K.L.:
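Just passing along the structure, written as structure tokens.
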Amino acid sequence: MLPLQLLREQTDRIAQALSKRGLDAGPMLEEILRKDQERRSLQAQLDETLAEANRKSKEIGELFKAGKGAEAQALKAESAQLKEQSKTLGESLSRAADALQEALYQVPNAPHESVPAGQDEADNEVVAEGGKRPDLPEGAMPHWELAREYDLIDFELGVKITGAGFPVYKGKGARLQRALIQFFLDRNTEAGYTEVQVPHLVNADSGYGTGQLPDKEGQMYELKEDPLYLIPTAEVPVTNLFRDEILEASQLPVRYTAYSPCFRREAGSYGAHVRGLNRLHQFDKVEIVRVEHPERSYEALDGMVAHVKSLLEALGLPYRILRLCGGDLGFTSALTFDFEVWSAAQERWLEVSSVSNFEAFQANRLKLRFRDGNEKPQLAHTLNGSALALPRVLAGILENFQEADGIRIPEVLVPYAGFDRIQLG
RNA sequence: AGAGAGGUGGCCGAGUGGUUUAAGGCGCACGCCUGGAAAGCGUGUUUCCGCGAGAGCGGAUCGAGGGUUCGAAUCCCUUCCUCUCUGCCA
């Protein structure tokens, strides 16, 4: 949710920025400002009425104390009338406030100035490319065939116990997955991120805090008996650690990393592009989250991009970095860099990380602020990124490092995995 | 899951319907005092919203949400959480 003050003071700039999402936000913003005006006017009226009622009540108290019961009775009647008024005003005010809130929820984050205008992923800007695409041996296979060949992942078993999109990892497949998690956590820790373990179920307040709610509840699994959601990413619980918090400026930046499974309904997805590990309902991910001073958030974003890049380079995977265009940018993000790994056997890019600066958009919902000395609290900036999402990294490793008689394990993973090759027999 | 006790400002802690304008203490900030400091003294110190150029004024806020009342931290209802005991359990 964009801070209202920003919308008031920089209406044109925000509208301009939003146009990069292909959104004609002008009328929307005007409507919000009108609703804001209405709310403020009602607030002023209500405050005045309540102030009057407060004065009267105090007077009544004093009259009673002085033993002037009759005069007090007369004032009571007046006071009761004020109460009636304030009740009506209060109802109007909360309706107006709700309407404003709802309208604000509809506005996506304003893209950063560096975000290119564009409709969809075709308009994303490639900002870097690295690693070497392999020359695959004769008879190279996509990862889902490799997974079957070497008995690493059993998709059908997952279907039996849960449903499509819930794979069962076995043997070296499971071990490799665990190795990756630990490798990422270790690297993130070395880079200054503090490891945290957080709940995998969150309440609705947390969903609102990071922007999964309202309107996108269909993307999360929801429990039937309790008002809880399975997390679609560790971003939700980790960022919400700071909901309703006022930090000291000296506590910034906050840097956290967390491993978690992620649950996504992915309603409406189908076809060849979602085969194998390409798109799942449950997958593992290691996330990095930062809370930053507004003046340093873009510097922090660059640092996160550099860090994620170093992970892919350590693994030796061919990758590229994209700056997302307005049309492809997530609802809550101001600037996002996506990382993609080249899937040699599928001959396509697979997204393995998304690193974003949300500026004050999430902080505004979260009421996440910081205080510099004796200054008034102000909204912090939040950022997060995957470092990294497991399944597609696994797919990339299996496909890119396959050889005629086995699969080579990246050197940095060998100490974690306990083996350097996957082969038959 | 059952029974009981609780939830008050940055922290501790008083407060059973009306000078509570939330006592008192600690912490913190500023000032006085001092050669400098400590002590001492004084002032200030929740957050959000509205009005205002500002000083400031007003409203809300005692876990959350409703209610009773002219008036609620205080009484009633709902709900969340914490602690103790019992039960269950990795």
Side-chain angles (χ1 to χ4, degrees), chain A residues 1-9 32-105 197-209 213 222-223 225-229 237 240-252 254 291 360 362-380:
Chain A
M1 187 164 67
L2 284 165
L4 190 52
Q5 199 188 348
L6 203 66
L7 289 179
R8 282 186 203 150
E9 290 170 1
I32 285 172
L33 292 180
R34 201 189 57 72
K35 287 189 155 88
D36 177 40
Q37 195 54 54
E38 190 181 337
R39 192 202 102 246
R40 286 201 274 173
S41 151
L42 284 166
Q43 176 87 56
Q45 291 175 54
L46 176 63
D47 285 358
E48 210 169 301
T49 310
L50 286 174
E52 182 64 25
N54 285 346
R55 274 195 295 275
K56 286 233 156 59
S57 289
K58 200 168 287 182
E59 233 176 289
I60 292 169
E62 281 161 14
L63 287 172
F64 270 125
K65 200 158 278 195
K68 299 175 181 170
E71 290 178 45
Q73 289 300 337
L75 268 184
K76 269 195 189 185
E78 290 180 41
S79 193
Q81 199 175 354
L82 282 173
K83 193 199 171 181
E84 204 56 41
Q85 265 181 48
S86 67
K87 194 173 178 185
T88 312
L89 278 170
E91 280 162 6
S92 304
L93 175 63
S94 73
R95 265 197 306 276
D98 287 351
L100 174 64
Q101 179 83 341
E102 202 160 310
L104 279 170
Y105 274 140
Q197 288 191 11
V198 289
H200 300 159
L201 294 172
V202 293
N203 57 30
D205 283 346
S206 295
Y208 278 96
L213 299 174
E222 190 177 353
L223 297 201
E225 301 297 339
D226 296 289
L228 299 174
Y229 301 85
N240 272 282
L241 294 174
F242 298 96
R243 173 151 48 84
D244 294 320
E245 295 289 333
I246 300 176
L247 303 171
E248 290 299 325
S250 61
Q251 290 176 271
L252 301 177
V254 172
V291 181
Q362 286 183 332
N364 190 34
R365 290 191 176 193
L366 292 160
K367 297 188 179 60
L368 162 50
R369 291 158 293 170
F370 72 97
R371 192 194 330 254
D372 205 344
N374 288 327
E375 284 173 21
K376 274 192 61 173
Q378 60 169 312
L379 293 172

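As the structure is a computational prediction, the values presented were derived from the model and not from experiment. Below, chains carry the letters A, B, ... as their sequence lines are ordered, and counting in each starts from 1.
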K.L.:
Looking at A:Arg39, does any N or O in its side chain come under 4.0 Å of the phosphate oxygens OP1/OP2 on B:rG50?
P.N.:
yes

K.L.:
Would you say the side chain of A:Gln378 lies within less than 4.5 Å of the side chain of A:Phe370, judging by non-hydrogen atoms?
P.N.:
yes

K.L.:
Test: side chain to side chain donor-acceptor pair (under 3.5 Å). Region: residues 86-100 of chain A. Which pairs qualify, not counting sequence neighbours?
P.N.:
none

K.L.:
Take the protein atom CD of A:Glu59 and the nucleotide atom C1' of B:rU21, then report the distance between them rounded to whole Å.
P.N.:
17 Å

K.L.:
With A:Glu375, which residues qualify under side chain to side chain donor-acceptor pair (under 3.5 Å), at least two apart?
P.N.:
none

K.L.:
Using side chain to side chain donor-acceptor pair (under 3.5 Å) as the criterion, list what pairs up with A:Asn203, not counting sequence neighbours.
P.N.:
A:Ser206

K.L.:
If the cut-off is 4.0 Å, is A:Arg40 near the phosphate of B:rC49, judged by side-chain N/O to OP1 or OP2?
P.N.:
no

K.L.:
Between P on B:rU47 and CZ on A:Arg369, what's the gap in Å once rounded to a whole number?
P.N.:
8 Å

K.L.:
Show me the donor-acceptor pairs within less than 3.5 Å that the side chains of residues 40-52 of chain A make with the rest of the protein, sequence neighbours left out.
P.N.:
{"from": "A:Ser41", "atom 1": "OG", "to": "A:Gln45", "atom 2": "NE2", "distance (Å)": "3.3"}
{"from": "A:Gln43", "atom 1": "NE2", "to": "A:Asp47", "atom 2": "OD1", "distance (Å)": "3.2"}
{"from": "A:Thr49", "atom 1": "OG1", "to": "A:Gln45", "atom 2": "O", "distance (Å)": "2.9"}
{"from": "A:Glu52", "atom 1": "OE1", "to": "A:Arg55", "atom 2": "NH2", "distance (Å)": "2.6"}
{"from": "A:Glu52", "atom 1": "OE2", "to": "A:Lys56", "atom 2": "NZ", "distance (Å)": "2.8"}

K.L.:
With side chains defined as the heavy atoms from C-beta onward, is the minimum distance between A:Leu2 and A:Leu104 less than 4.5 Å?
P.N.:
no

K.L.:
If the P atom of B:rU19 is compared with that of B:rG35, how far apart are they to the nearest Å?
P.N.:
47 Å

K.L.:
Specify the separation, in whole Å, of atom CZ of A:Arg371 and atom P of B:rA29.
P.N.:
14 Å

K.L.:
Sort out the partner of B:rA53 for me: Watson-Crick or G-U wobble, both distances under 3.5 Å, none otherwise.
P.N.:
none

K.L.:
In this structure, how many angstroms lie between the C1' atom of B:rG10 and the CG atom of A:Asp244, rounded?
P.N.:
16 Å

K.L.:
Whom does B:rU47 pair with, Watson-Crick or G-U wobble, provided both distances fall under 3.5 Å?
P.N.:
B:rA60

K.L.:
Does B:rG18 have a Watson-Crick or wobble partner in any strand here, with both distances under 3.5 angstrom, and which is it?
P.N.:
B:rC70

K.L.:
Between B:rU45 atom P and A:Lys376 atom NZ, what is the distance in whole Å?
P.N.:
15 Å

K.L.:
Under a 4.5 Å cut-off applied to non-hydrogen side-chain atoms, are A:Leu247 and A:Phe242 in contact?
P.N.:
yes

K.L.:
Could you measure the distance from the CE atom of A:Met1 to the CG atom of A:Leu7? Nearest 0.5 Å is fine.
P.N.:
10.0 Å

K.L.:
Measuring only the C1' atom in each nucleotide, how far is B:rU61 from B:rU46? A whole number of Å is fine.
P.N.:
9 Å

K.L.:
Name the pairing partner of B:rC30, where a pair is Watson-Crick or G-U wobble with both distances under 3.5 Å, or state none.
P.N.:
B:rG42

K.L.:
Using atom names, set out every protein N or O paired with an N or O of nucleotides 57-66 of chain B below 3.5 Å, distance rounded to 0.1 Å.
P.N.:
{"from": "B:rG58", "atom 1": "N2", "to": "A:Asp47", "atom 2": "OD2", "distance (Å)": "2.7"}
{"from": "B:rG59", "atom 1": "OP1", "to": "A:Asn54", "atom 2": "ND2", "distance (Å)": "3.2"}
{"from": "B:rG59", "atom 1": "O2'", "to": "A:Asp47", "atom 2": "OD1", "distance (Å)": "3.1"}

K.L.:
Would you check if the side chain of A:Arg365 reaches a backbone N or O of A:Tyr208 as a donor-acceptor pair within less than 3.5 Å?
P.N.:
yes

K.L.:
Which whole number of Å gives the distance between the C1' atom of B:rC41 and that of B:rU34?
P.N.:
13 Å

K.L.:
Given atom CG of A:Asp226 and atom P of B:rC80, what is their separation to the nearest angstrom?
P.N.:
10 Å

K.L.:
Quantified in whole Å, what is the P atom distance between nucleotide B:rA29 and nucleotide B:rU20?
P.N.:
30 Å

K.L.:
For nucleotides B:rG59 and B:rU68, find the distance between their P atoms and express it as a whole number of Å.
P.N.:
22 Å

K.L.:
Set out, line by line, the N/O atom pairs under 3.5 Å between protein and nucleotides 68-76 of chain B.
P.N.:
{"from": "B:rC70", "atom 1": "O2'", "to": "A:Ser57", "atom 2": "OG", "distance (Å)": "3.2"}
{"from": "B:rC70", "atom 1": "O2'", "to": "A:Ser79", "atom 2": "OG", "distance (Å)": "2.3"}
{"from": "B:rG71", "atom 1": "O4'", "to": "A:Ser57", "atom 2": "OG", "distance (Å)": "3.3"}

K.L.:
Distance check needed: B:rC49 P versus A:Leu100 CG, whole Å only.
P.N.:
12 Å

K.L.:
Using Watson-Crick or G-U wobble geometry with both distances below 3.5 Å, tell me the partner of B:rG36, or none.
P.N.:
none

K.L.:
Mind checking the C1' distance from B:rG10 to B:rU47? Whole angstroms is fine.
P.N.:
12 Å

K.L.:
What is the pairing partner of B:rG9, taking Watson-Crick or G-U wobble pairs with both distances under 3.5 Å in any strand?
P.N.:
none

K.L.:
Atom CG of A:Leu368 to atom C1' of B:rC48: distance rounded to whole Å?
P.N.:
16 Å

K.L.:
Can you tell if the side chain of A:Leu4 reaches within under 4.5 Å of the side chain of A:Arg8, non-hydrogen atoms only?
P.N.:
yes

K.L.:
Suppose we define a pair by two distances each less than 3.5 Å, Watson-Crick or G-U wobble; what does B:rU84 pair with here?
P.N.:
B:rA3

K.L.:
To the closest 0.5 Å, what do you measure between CG (A:Asn240) and CD (A:Glu245)?
P.N.:
11.0 Å

K.L.:
If I pick the C1' atom on B:rG13 and the same atom on B:rA73, what distance separates them, to the nearest angstrom?
P.N.:
14 Å

K.L.:
Using the C1' atom as the point on both nucleotides, what is the distance between B:rG66 and B:rC85, in whole Å?
P.N.:
32 Å

